[in-house]
J.: 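Submitted below is the structure of interest, expressed as structure tokens.
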Amino acid sequence: MYDGSSTEALTAVLRNEIARLAPGDRLPSSRDLIVRHGVGPVTVSRAIALLAAEGAVVTRPGSGTYVAARRPQAAGGEPDTSWQAVALAGRQPLPETSNEQSGTPAVGTIALSGGYLHESLQPTRLLGGALARAARRPDAWHRAPVAGLSTLRTVFARQAGGDVAPEDVLVTGGGQGALSMLFRAVAAPGSPVLVESPTYPGALAAARAAGLRPVPVPMDEQGLRPDLLADAFAMTGARLLYCQPTFHNPTGTVLSPERRRQIVDVARAAGAFLIEDDFARHLGHGRPVPRPLVADDCDGTVIHLTSLTKPASPSLRIGAVIARGPVMRRLLGMRQVDDFFIARPLQEAAVELLSTPAWDRHLRSLATALRHRCAILADAIAREVPDWTLLRVPEGGLHLWVQLPLDLTEAAVTEAATAHRVTVNPGHHHFPAEPPAAHLRLSFAAAAEPADLAEAAARLAAATRRPAPTPR
């Protein structure tokens, strides 16, 4: 019979014995320990298991139990994790891609960085009400279907348009996790994946984490270039393209109507999938938004990705993937392996949120606020730093994309801006290869008040002002 106190007592005795032994020394056999200490075999096996879990011993089946190599304790009692360099050998570290500023910003700092709405723009009361109503459902804590609640899948299918059916929808835990799953499901490690240049840094990180090699395809004022896309498919043999056709991050570009059909045709001709990241569909500034590419795709070339996170809250981790054919079956299989299903209360809250007329009112109000903020920051940048090149005033999204003059570097501007209590995103994170020039991504949605945007531009001008030449 298992005796907890006997196990603890034997473990303590063995710890003292191990302290007197050298690394690699063999402990007495289980039979010897049973006889010597008058305990049962279960007690011995549990004590050895505890010591192994602590890292004090190493068990070798068929050989015995040995004292583990002791890891030296750093001065001051600080843990020493240098051993991990050996344990992690063979896995290449991912490059630093976080766009968030490190550390706590100084008091009075204005945020032109980040990729989410300021709290004042989030529908906090709507979210709270939706979550409260969802929690009162009698089945709120039941297991959710693998593919997601049928009601939520129906909503996402209707938003996509065309002949998309609820059966084509897989509910996901936001957009970033869905991207990671898609890259792992569609392409084998070591494969190339074509991406716009510049592009979303989170997509580059997810692709590299899946073992893929991002290959840049240039853009112009109309979006991704179909001629260079065809060349990239031919040169690399890629079977996957990741793109953001609507309110592209970071440039705000909307793929032109003629090119929307062209890039799907190019991908189809190459026998490739096209991941359409439609994260910003609900972030338009009041003008009509083009139909998703998936709405006009009938043979499963396009895999559509959308999310509620950007127009609502960073913590509303609900999104959807729309796919047809064997790739959907593969995604459902990965869901079973990764996490079984998305938490039902959050799905129910999303249904409640999307089913109320207040959600549509929020989107209209958000569009007006984003258009106003965009105009304020664009005008302020043109006025305060006229030598910076604003590549476009976007009609949707959360950011401005600016090119710096030749005598300024991203690092210098970022550091000077921080000293003047403004945070910005350096542009090089957005490029899968060498950046052609220095850029900044400036958010007009992260600041607390619209008036802060003009003040931030004035601070940027002061931070980068050249000293006057010394008179001779």
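Numbering of residues begins at 1 and proceeds along the displayed sequence.
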J.: Can you find a heavy atom in the side chain of Pro216 that is under 4.5 Å from one in the side chain of Phe431?
T.: no
J.: Are Arg259 and Asp265 ion-paired here, with the side-chain N under 4.0 Å from a carboxylate O?
T.: no
J.: Taking atom CE of Met334 and atom CG of Leu182, what is their separation to the nearest 0.5 Å?
T.: 8.5 Å
J.: Counting neighbours of CD on Glu434 that are heavy atoms of other residues, nucleotides or ligands and sit closer than 6.0 Å, is the number greater than 12?
T.: no
J.: Which residue, Val385, Leu440, Val413, forms the side chain to side chain contact (heavy atoms under 4.5 Å, CB included) with Leu408?
T.: Val413
J.: If you take all heavy atoms of Pro405 and Trp388, which pair is closest and at what distance?
T.: CD-CD1, 3.5 Å
J.: May I ask you to decide if Leu390's main-chain N or O and Gln403's side chain share a donor-acceptor pair within less than 3.5 Å?
T.: no
J.: Which heavy atom of Ile342 sits nearest to which heavy atom of Gly173, and what is that distance?
T.: CD1-N, 3.4 Å
J.: Where is the tightest heavy-atom contact between Thr301 and Arg268, given as atom of each residue plus distance?
T.: OG1-NE, 3.7 Å
J.: Closest approach of Pro214 and Pro432, non-hydrogen atoms and distance?
T.: CB-CB, 4.1 Å
J.: If I compare all heavy atoms of Ala106 with all of Arg421, which pair ends up nearest, and what's the gap?
T.: CB-CG, 4.2 Å
J.: Measuring from Leu255:CG to His248:NE2, what's the distance to the nearest 0.5 Å?
T.: 10.0 Å
J.: Decide side chain to side chain contact (heavy atoms under 4.5 Å, CB included) for Val402 and Thr389; before the verdict, give the C-alpha distance in whole Å, the side-chain angles of both, and the deciding distance to 0.1 Å.
T.: CA-CA 5 Å; Val402 299; Thr389 303; over 6 Å; no
J.: Taking it one step at a time, do Thr418 and Glu415 satisfy side chain to side chain contact (heavy atoms under 4.5 Å, CB included)?
T.: CA-CA 5 Å; Thr418 301; Glu415 182 178 358; 5.8 Å; no
J.: With a 3.5 Å cut-off and no angle check, do the side chains of Tyr242 and Asp277 form a donor-acceptor pair?
T.: yes
J.: Is any side-chain heavy atom of Thr109 closer than 4.5 Å to a side-chain heavy atom of Arg459?
T.: no
J.: Is it true that Asp452 and Arg373 make a salt bridge, defined as a side-chain N closer than 4.0 Å to a carboxylate O?
T.: no
J.: Walk me through whether Arg330 and Arg184 qualify under side chain to side chain contact (heavy atoms under 4.5 Å, CB included).
T.: CA-CA 10 Å; Arg330 180 171 294 190; Arg184 289 183 289 120; over 6 Å; no
J.: Is there a side-chain contact between Phe156 and Thr306 in this structure, where contact means two heavy atoms from C-beta onward sitting under 4.5 Å apart?
T.: yes
J.: Hey, is Asp168 close enough to Arg153 for a salt bridge, meaning N to O under 4.0 Å?
T.: no
J.: Residues two or more places apart in sequence or in another chain: which of them pass side chain to side chain contact (heavy atoms under 4.5 Å, CB included) with His362?
T.: Pro123, Leu126, Trp359, Leu366
J.: Run Thr246 and Arg260 through side chain to side chain donor-acceptor pair (under 3.5 Å) and show every step you take.
T.: CA-CA 10 Å; Thr246 304; Arg260 300 179 82 83; 3.2 Å; yes
J.: Is Asp296 reaching over with its side chain to a backbone N or O of Gly162, donor-acceptor style, under 3.5 angstrom?
T.: no
J.: Classify the angle between the aromatic ring planes of His430 and Trp401 as parallel (below 30°), tilted (30 to 60°) or perpendicular (above 60°).
T.: perpendicular
J.: Quick one: does Arg324's side chain get under 4.5 Å of Val164's, heavy atoms only?
T.: yes
J.: How about Ile275 and Val193: do any of their side-chain heavy atoms sit closer than 4.5 Å?
T.: no
J.: Nearest 0.5 angstrom please: Phe247 CZ to His399 NE2, how far?
T.: 13.0 Å
J.: Give a yes or no on whether a salt bridge exists between Arg335 and Asp339, defined as a side-chain N under 4.0 angstrom from a carboxylate O.
T.: yes
J.: Using 0.5 Å steps for rounding, measure from the OG1 atom of Thr199 to the NE2 atom of His429.
T.: 14.5 Å
J.: Under 3.5 Å, which donor-acceptor pairs link side chains of residues 222-230 to any protein atom two or more places apart or in another chain?
T.:
{"residue": "Gln222", "atom": "OE1", "partner": "Ser256", "partner atom": "OG", "Å": "3.3"}
{"residue": "Arg225", "atom": "NE", "partner": "Asp227", "partner atom": "OD1", "Å": "3.4"}
{"residue": "Arg225", "atom": "NH2", "partner": "Asp227", "partner atom": "OD2", "Å": "2.9"}

J.: Counting C-beta onward and ignoring hydrogens, is there a side-chain heavy-atom pair between Val424 and Arg441 closer than 4.5 Å?
T.: no
J.: Report the residue from Leu400, Val422, Ile381 that forms a side chain to side chain contact (heavy atoms under 4.5 Å, CB included) with Leu112.
T.: Val422
J.: Going by heavy atoms in the side chains, are Ile376 and His372 under 4.5 Å from each other?
T.: yes
J.: Would you name the heavy atoms of Arg291 and Arg281 that are closest together and state the gap between them?
T.: C-NH2, 3.7 Å
J.: How many angstroms lie between atom CG of Leu305 and atom CE of Met181, to the nearest 0.5 angstrom?
T.: 9.0 Å
J.: Can you measure from CD (Glu449) to NE2 (His118) and round to the nearest 0.5 angstrom?
T.: 7.5 Å
J.: Taking Glu276 for the side chain and Cys243 for the main chain, is one N or O donor matched with an acceptor at less than 3.5 Å?
T.: no
J.: Would you tell me whether His285 and Glu395 have side-chain atoms, one donor and one acceptor, within less than 3.5 Å of each other?
T.: no
J.: Given Glu410 and His439, is the side chain to side chain donor-acceptor pair (under 3.5 Å) satisfied, shown in steps?
T.: CA-CA 7 Å; Glu410 293 176 10; His439 295 81; 4.9 Å; no
J.: Assess whether side chain to side chain contact (heavy atoms under 4.5 Å, CB included) is satisfied between Tyr116 and Thr309, documenting all intermediate values.
T.: CA-CA 8 Å; Tyr116 297 108; Thr309 301; 3.6 Å; yes
J.: Do Ser315 and Ser313 have side-chain atoms, one donor and one acceptor, less than 3.5 Å apart?
T.: no
J.: Report yes if the side chains of Leu149 and Arg344 come closer than 4.5 Å at any heavy-atom pair, otherwise no.
T.: yes
J.: Should the pair Asp360-Arg364 be classified as a salt bridge under the 4.0 Å nitrogen-to-oxygen rule?
T.: no
